[in-house]
Novice: 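Before I ask anything, here is the structure I am working with.
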Amino acid sequence: MCGIIGFAGKTEAVPILLDGLERLEYRGYDSAGVATISADGRLQVKKSKGRLSVLRELLDSQNPLSGNIGIGHTRWATHGEPNDTNAHPHVGQERKIAVVHNGIIENYLEIKNSLIRKGVVFSSDTDTEVIVQLLEYYYRKKSDLMDAVYAVLNRIKGAYAMGILCSDFPGQMVAAKKDAPLLIGYGKNKNYIASDVTALLAQTKTVSYMEDGETAVITADGVQIFDRDRFLLEKEKHLIEWDVSAAEKGGYAHFMLKEIMEQPEAVRKTISPRLADGEIVMEELNNASELMKNISRIYIVACGSAYHVGMTGKYALERLLHIPVEACLASEFRYSEPLLGESALVIVISQSGETLDSMAALREAKRKGSKVLSIVNVMGSSIAREADYVLYTWAGPEIAVATTKAYTTQMTLLLMLGVYLAKQLNGIEQEEYAVIIRELQDLPEKISVVMNDPDRYQKAASRYFNHNSVFYIGRNLDYALGLEGSLKLKEISYIHSESYAAGELKHGTISLIEPGTLVVALATYEPLVEKSLSNIVEVKSRGAEVIAMTTERIVSLIESQASEVFVIPKVHSLLQPVLGVIPLQLFAYYVALNRGCDIDKPRNLAKSVTVE
Ligand code: F6R
């Protein structure tokens, strides 16, 4: 949520800031802004409500901002509506210091009121402005910028990643981090800060991850990083493996479509390093029996689509491991009283590795003595770093706000984990294990087969895109799949949609079915297909229009009951949802396209939710 980029070099800063902001825009797109310090030491700021293109026009139409050092921000509003004044960077009343900030300052009102009593005049409604006003206040008193920065950090409560410029130090930028991601990028005679690695891909691949409590002073010639006691640190540098082209549209109309199409490759990259000689290998786990020793239950904790992966995992892991598995929403988990401790394994799933609720759940689990295993896409992200074990999905950068390839790779990896643990703990028959291994190898190819007939999904989308309300129904793994299908549709097309366990419908919701209501009936889980069929008949007899999704083996049972049928290849039931999600993603995509929606940047949303 919100994106930060900062540059200190020997060339103009603004083009680099704008390029970084463009790559970060998926993190928030309510407003954007940049600040630089010019060669003659003037702090200059330009910011505006709306997309980055509005800021670009503003910069083109007025005097461009000059200077070899600068900070930029793209905002997802929390405190204060999206408008020009609330956009970042924020500047203190003496116009000496500018700040960009991600996160929330929880005690901002108390600080704001005390500064107002001291005569400080605020111009925005944001929590961020207290940082910069307080900084100027302490800087005036202490006349040392870093003393002032530490005084501010000691006073504020909450989460922050921030970049600071001060016109008295025209060659340097200061950064600070707590509970919101921030990294340093290294170049030759140029260095960077960024909230997200994708912002830097076109500039550098060498980065350091800042930890909570650290501050940094960045100039064109070097970077110094300090711990909370102001001791200079030797930070490890990491090489980013992602390629810049992976974060570009590459000729596709939308990132979402590109990312859907990348799924065979993303799944292949996730599977193949973990298959050797007919076995699943998970070197990251060292010793599986050690990991599972004394474990009597598993919590899978995540948000949004990653939670839906957890729902699939609940069905699969319980079947494979014969212990209770619960899928939990991270935002609820941390405030409930889960039975944590040494006998609980907590699996945290996150594409970004920065989702605040998931991170908080992870910390809570560790605090209570549980082992935490994370499934994460972004290397070096906070959740990856803090978990006891990390399994990476090799999906590459995911830019579209609605997740697709991260979801399929998370699900594939979670299922592989379940099968791997079952094998290590002698919980799976060799014959079934061999079938799963073989089908894992074929999975990328089968995903391609499902995708290679876009006409089917386009046709269904153009028939139904005008509907106002859609129900997804399914049982067991199909129910978990329906949750994701429904979320995909509603978030990008703004059509109201709900997902129901098919057997639950008649306990209330079926009263909403009337002639013409669209029901997407998922019947790919073969053990329950007859029961799903009965549920389809029930909604049909109340006038519903049905799109059914099923496997090629049982299509003849279903097709007479549906107006449209999506047929997917039959694979082992645990792997079936990996194929099943593809038609649902494409259907949602084409519906949104027909409705003229902003598919990659749906309203009110942002990628990577780093506030509670
Ligand atoms: C939906 C979507 C979100 C994320 C959720 C968790 O398309 O993308 O629901 O799945 O915000 O994000 P991560 O996986 O980054 O923790």
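All ligand and atom numbering here is 1-based and tracks the order in the structure. Basis for what follows: all heavy atoms, side chains included, without hydrogens, waters or symmetry-related copies.
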Novice: Is NZ or CZ of R475 both nearer than 6.0 Å to the six-membered ring centre of Y525 and within 45° of the ring axis?
Specialist: no

Novice: Which protein non-hydrogen atom lies closest to atom 5 (C) of ligand 1, naming both residue and atom, and how far is it?
Specialist: C303 O, 3.5 Å

Novice: Has K488 got any heavy atom lying under 4.0 angstrom from an atom of ligand 1?
Specialist: yes

Novice: Does E81 pair with K49 as a salt bridge, N-O distance under 4.0 Å?
Specialist: no

Novice: Distance under 4.0 Å to a non-hydrogen atom of S352: what atoms of ligand 1 satisfy this?
Specialist: 13 (P), 15 (O), 16 (O)

Novice: What part of V401, side chain from CB on, backbone N/CA/C/O, both or neither, has a heavy atom under 4.0 Å from ligand 1?
Specialist: backbone

Novice: Can you run down the side chain to side chain donor-acceptor pair (under 3.5 Å) pairs that involve residues 388-397, sequence neighbours left out, and say none if there aren't any?
Specialist: N377-T393

Novice: How close does the nearest protein non-hydrogen atom get to atom 11 (O) of ligand 1, and which residue and atom is it?
Specialist: V609 CG2, 4.2 Å

Novice: Taking atom 10 (O) of ligand 1 as the point of reference, which of A402, S381, S305 owns the nearest heavy atom?
Specialist: S305

Novice: Please determine if E283 and R274 form a salt bridge, counting it only when a charged side-chain N lies under 4.0 Å from a carboxylate O.
Specialist: no

Novice: Using a 4.0 Å cut-off to any heavy atom of Q351, which atoms of ligand 1 qualify?
Specialist: 13 (P), 14 (O), 15 (O), 16 (O)

Novice: Show me which atoms of ligand 1 lie under 4.0 Å from any heavy atom of E491.
Specialist: 1 (C), 7 (O)

Novice: Should T355 be counted as touching ligand 1, given the test is an N or O pair under 3.5 Å?
Specialist: yes

Novice: Are any side-chain N or O atoms of D357 and backbone N or O atoms of A330, one a donor and one an acceptor, separated by less than 3.5 Å?
Specialist: no

Novice: Taking only distance into account, with no hydrogens and no angle test, what donor-acceptor pairs under 3.5 Å do side-chain atoms of residues 300-310 form with protein atoms, sequence neighbours excluded?
Specialist:
| residue | atom | partner | partner atom | Å |
| --- | --- | --- | --- | --- |
| S305 | OG | E484 | OE1 | 2.9 |
| S305 | OG | E484 | OE2 | 3.1 |
| S305 | OG | K488 | NZ | 3.3 |
| H308 | ND1 | E484 | OE1 | 2.9 |

Novice: Show me which atoms of ligand 1 lie under 4.0 Å from any heavy atom of G304.
Specialist: 9 (O)

Novice: Less than 4.0 Å between a side-chain N and a carboxylate O, is that true for D598 and K601?
Specialist: no

